[in-house]
Amino acid sequence: MKKLIYIFLLPLLLLFNSCEKFLDKSPEDLLTLDMIFNDKTRTEDWLAGIYASVPDPYWGFARSIAYDPLSDDMAPSTGWEQFGWTVIGRQTGNWNPTTSWDPNYWTVLQQRIRSAYIFIGRVKANPVQKVTEEEVELLKNEARFLIAYYYWLLTEAYGVVPFNAGIIPTNATEEELMQAQIPFDRMIDWIDKELKEVSGKLPASYNIPSKYGRATSIMCLAVRARMLLFAASPLVNGNPDYKGFKNNKQEELYNGTYDPEKWVRAKNACKELLDAAHSAGHQLYIEFNKDGAIDPFMSYQNMMFAKGNQNKEILFARPVANHWEYDKHAQPRGTGGNGGMGITQSLVDAFFMNNGRPITDPSSGYVEKGFSTLPEVRNTKWLEAQGDQAGKEGQVTLAGTYNMYCNREARFYVSVLYNRAWFRREGRTTRFMQREWDGGPTHDAPQNGYLLRKKVHPAFDPRTGANPYRPGILYRLGEAYLNYAEALNEADPNNTEIFTYLNRVRERAGLPGYGTGAGQIPLAGQAEVREAIRRERRVELNNEGLRWNDIRRWKIGEATLDGNFYGMNYNGSQLSDDENDPQAFFKRTVYQRRRFSKKNYWFPVPQSEIDKNPNLAQNPFWLN
């Protein structure tokens with residue numbers, strides 16, 4: 001995959017300055033294609049170029065694609081807008097169809113798809129260079145997977161897009177060139193069928209390390225399961241908001257009639273993935289303590305860092321990801337980091353207490369105000385709160401910790417860096433108050449009192465350049481369990497397997513399960529189970545690029561993203577929780593007003609594309 005660095009541009013330079021330009025290729029260009037596909041290395045480089053648009057789940061989801069900041073998980077410094085963080089404007093509703101978007105999926109992914117079709121049409125056996133017919137078929141099926149996957153990424157972002165099941169010929173009519181969007185369900189059906197078929201032609205894994213990240217049958221089924229879950233959800237299953245939204249052929253682009261069979265279809269796809277994944281040896285990543293008990297801290301932390309055969313939870317990963325910038329921007333300013341990539345108070349509040357109950361539950365034991373008098377110790381090998389010091393093994397909080405952060409579940413501590421938490425690499429606590437090492441008034445400081453800890457490697461050091469490798473995980477088994485539980489609750493709400501898979505995730509997190517057994521937390525009815533599953537997804541999958549799509553598909557954007565966003569008091573300079581003291585740091589304070597309306601459920605079609613193709617329809621409500 002080292003070739004990705006320079007091969008990324010090869011198909012673009014040769015073919016894709018624009019789609020129109022490709023249609024005017026001369027014979028010399030075709031000879032160039034012959035030269036490429038007569039050479040094994042150049043052929044592999046071409047395929048690597050197609051793979052290059054597999055999203056980066058570190059810097060991509062945080063900075064480029066920016067799905068995490070668009071959700072209510074991540075809070076990058078609002079001061080970074082002046083440095084090109086256009087996602088800040090998107091958070092506040094300041095964007096339109098002419099606003100640029102770095103990934104430019106509408107253009108780039110369609111170029112990749114076209115490149116993949118060219119690859120399928122031209123790749124061939126090469127006996128001289130030991131490329132067999134069997135290997136050619138495998139390469140073609142990898143390209144087929146990427147075509148289907150990229151069509152899903154386009155659909156996930158824009159809702160409805162144009163579709164071509166092949167290359168538009170050079171003698172195409174204007175109608176063939178100026179294609180409109182096709183109905184959402186039609187696109188889903190095609191991708192579903194294609195991924196299912198290709199899953200039967202690809203291996204479940206590779207024995208060759210250099211092929212890590214290449215398309216597998218498990219990747220096909222994982223993409224398919226997540227897609228069908230989306231397609232069954234309220235945004236596109238019975239949503240009346242899109243009635244009358246048609247293409248140039250007067251076809252309704254969204255079906256406004258609720259179809260319960262879509263949940264059955266999603267449920268079956270999720271179960272098919274789980275069966276195949278288990279058969280292939282996939283399992284949750286778990287680390288144990290010396291007494292044989294699950295260590296939820298180390299399990300949840302290292303789930304994102306363990307690689308290769310050490311981590312069977314990974315279903316689909318990008319081998320190369322920009323975790324350097326991700327880690328640096330989440331490191332406190334006083335430790336050599338950029339110090340402003342935070343998380344929201346909403347996410348802080350979402351984590352459970354150590355007894356497994358949400359903070360809103362009267363029996364949770366949650367206390368917000370005041371400060372602890374003693375450190376908290378648990379059964380864990382986690383080192384980040386002085387656990388590496390003799391006599392402090394298992395320590396997870398320090399004495400004097402704000403009570404809001406005490407007695408919380410393990411995933412909270414692995415995900416959230418709060419003020420006065422221990423920062424092991426520097427041998428000190430974080431200092432987020434005004435005029436302190438890590439605080440304001442600079443823009444390289446948490447605007448709401450928190451930094452992101454999830455996926456940030458504890459051995460990363462911007463001072464020395466230490467940057468431990470880890471894969472960029474796009475799909476993992478923990479999500480697949482929650483997907484299945486959700487689909488099953490909608491399709492077959494009395495099925496006991498709902499709790500089986502939901503509780504596997506909670507068990508790894510060190511929390512009691514749901515149910516009627518001893519020590520379990522009872523839930524009553526489908527609606528209550530639905531909310532429990534949604535809460536679990538919020539916590540378990542935080543800052544993995546999924547919350548944005550969950551908010552959209554559940555159609556809860558107005559309730560969660562339109563309004564004031566809170567944190568601790570950025571201007572505070574006192575270790576106080578006195579609501580009447582303007583200098584008190586530990587009090588809920590508005591740091592940003594975000595805007596979300598019905599149009600924001602989909603990215604707008606770029607205006608530049610509509611200007612070129614009058615048959616395209618702008619996405620709903622963007623013209624208002």
Side-chain angles (χ1 to χ4, degrees), residues 54-76 87 103 149 152-153 156-157 213 219 222-223 225-227 229-230 270 273 282 284-285 296 299-307 311 313-319 321-323 325-327 329-330 341-344 346-348 350-351 409-417 450-457 470-486 505-506 508-509 533-554 560:
V54 172
D56 178 344
Y58 277 87
W59 200 230
F61 287 163
R63 172 68 174 82
S64 177
I65 300 169
Y67 280 178
D68 285 324
L70 282 175
S71 77
D72 52 359
D73 275 0
M74 188 181 286
V87 69
Y149 178 49
W152 166 238
L153 291 182
E156 183 183 55
M219 289 160 61
V223 173
R226 186 190 289 178
M227 177 189 73
L229 188 77
F230 190 108
C270 289
L273 166 62
H282 289 280
L284 291 183
Y285 179 86
S299 298
Y300 192 66
Q301 173 182 278
N302 292 338
M303 166 196 70
M304 304 306 304
F305 302 146
K307 52 188 181 293
N311 193 350
E313 181 158 351
I314 300 174
L315 304 179
F316 181 179
R318 196 181 200 276
N322 188 356
H323 39 75
E325 292 291 353
Y326 182 95
D327 287 8
H329 281 74
M341 191 184 294
I343 54 98
T344 65
S346 170
L347 179 57
V348 169
F351 289 97
E409 60 159 308
R411 293 176 295 190
F412 169 81
Y413 299 103
V414 174
S415 301
V416 180
L417 192 62
Y450 301 105
L451 285 181
L452 173 67
R453 203 173 206 168
K454 173 82 172 281
K455 301 194 298 187
V456 177
H457 203 292
R470 76 223 69 152
I473 302 174
L474 288 160
Y475 290 73
R476 60 180 177 89
L477 193 60
E479 180 214 343
Y481 285 171
L482 295 175
N483 289 351
Y484 181 53
E486 180 180 349
V505 173
R506 287 178 66 84
R508 195 254 302 273
I533 293 169
R534 291 185 178 188
R535 283 196 303 266
E536 204 68 40
R537 289 184 68 90
R538 176 81 196 276
V539 171
E540 172 69 19
L541 306 174
N542 82 85
N543 288 291
E544 294 184 41
L546 294 165
R547 175 64 176 173
W548 166 239
N549 286 326
D550 282 351
I551 288 172
R552 293 165 59 222
R553 67 185 180 86
W554 293 333
T560 58

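What you see is a predicted model; the values in this text were computed from it and never measured. Note: hydrogens, waters and symmetry copies are ignored here, and every other heavy atom, side chains too, is used.
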Could you check if a side-chain atom of N542 sits within less than 4.5 angstrom of a side-chain atom of I343, using non-hydrogen atoms only? no
Of R63, H457, K455, which meets side-chain contact (heavy atoms from CB on, under 4.5 Å) against Y326? K455
Would Y450 and T344 count as a side-chain contact (heavy atoms from CB on, under 4.5 Å) if you check the C-alpha gap in whole Å, the side-chain angles of each, and the deciding distance to 0.1 Å? CA-CA 8 Å; Y450 301 105; T344 65; over 6 Å; no
Thinking salt bridges, do E156 and R552 make one under a 4.0 Å N-O criterion? no
Name the residue from R538, R226, K454 that meets the salt bridge (charged side-chain N to carboxylate O under 4.0 Å, His left out) definition with E544. K454
Determine the minimum heavy-atom distance between I533 and A485, stating which atoms define it. CD1-O, 3.6 Å
Donor-acceptor contact below 3.5 Å, side chain Y300 vs main chain E540: yes
d(E486 CD, L229 CG) to nearest 0.5 Å is 4.5 Å
Close side-chain approach of E313 to R508, heavy-atom, < 4.5 Å: yes
Are any side-chain N or O atoms of N311 and backbone N or O atoms of M303, one a donor and one an acceptor, separated by less than 3.5 Å? yes
Would you mind reporting whether P57 and Y67 have side-chain heavy atoms less than 4.5 Å apart? no
Could you check Y58 against E325 for side-chain contact (heavy atoms from CB on, under 4.5 Å), going step by step and ending with a plain yes or no? CA-CA 8 Å; Y58 277 87; E325 292 291 353; over 6 Å; no
Is H282 reaching over with its side chain to a backbone N or O of I314, donor-acceptor style, under 3.5 angstrom? yes
How close do A62 and M341 get, counting heavy atoms only, and between which atoms? CB-CE, 4.0 Å
Apply side-chain contact (heavy atoms from CB on, under 4.5 Å) to the pair F351 and V539, showing each step before the final yes or no. CA-CA 6 Å; F351 289 97; V539 171; 3.4 Å; yes
Using the six-membered ring wherever Trp is involved, compare the ring planes of Y475 and F316 and label them parallel, tilted or perpendicular (cut-offs 30° and 60°). parallel
Rounded distance [0.5 Å steps], CG in L70 versus CH2 in W548: 5.0 Å
Might you point out which heavy atoms bring K307 and P471 nearest each other, and give the distance in Å? CB-CD, 3.7 Å
Name the orientation class of the two ring planes belonging to H329 and W59 (parallel below 30°, tilted from 30 to 60°, perpendicular beyond 60°). tilted
What residues form a side chain to side chain donor-acceptor pair (under 3.5 Å) with D550, not counting sequence neighbours? R537, R553
I need the T560 OG1 to W554 CH2 distance, nearest 0.5 Å. 10.0 Å
Whether D72 and R547 form a salt bridge (side-chain N of Lys/Arg under 4.0 Å from carboxylate O of Asp/Glu) is what I want to check. yes
Write down the atom of G213, the atom of M219, and the distance for their closest heavy-atom approach. O-CE, 3.8 Å
What distance do D56 atom CG and F61 atom CZ have between them, rounded to the nearest 0.5 Å? 8.5 Å
Considering non-hydrogen atoms only, spot the tightest contact between A225 and L273 and give its length. CB-CD2, 4.1 Å
CG/N302 to OH/Y285 distance, rounded to the nearest 0.5 angstrom? 4.5 Å
Decide side-chain contact (heavy atoms from CB on, under 4.5 Å) for N543 and L347; before the verdict, give the C-alpha distance in whole Å, the side-chain angles of both, and the deciding distance to 0.1 Å. CA-CA 10 Å; N543 288 291; L347 179 57; 3.6 Å; yes
Rounding to 0.5 Å, atoms CG (L452) and CG (D68) come to a distance of 8.0 Å
Electrostatic pair R470:D327 at N-O distance under 4.0 angstrom: yes
If the threshold is 4.0 Å, N to carboxylate O, is there a salt bridge linking E409 and R506? no
Which atom names give the shortest non-hydrogen contact between A321 and G472, and what distance separates them? CB-CA, 4.1 Å
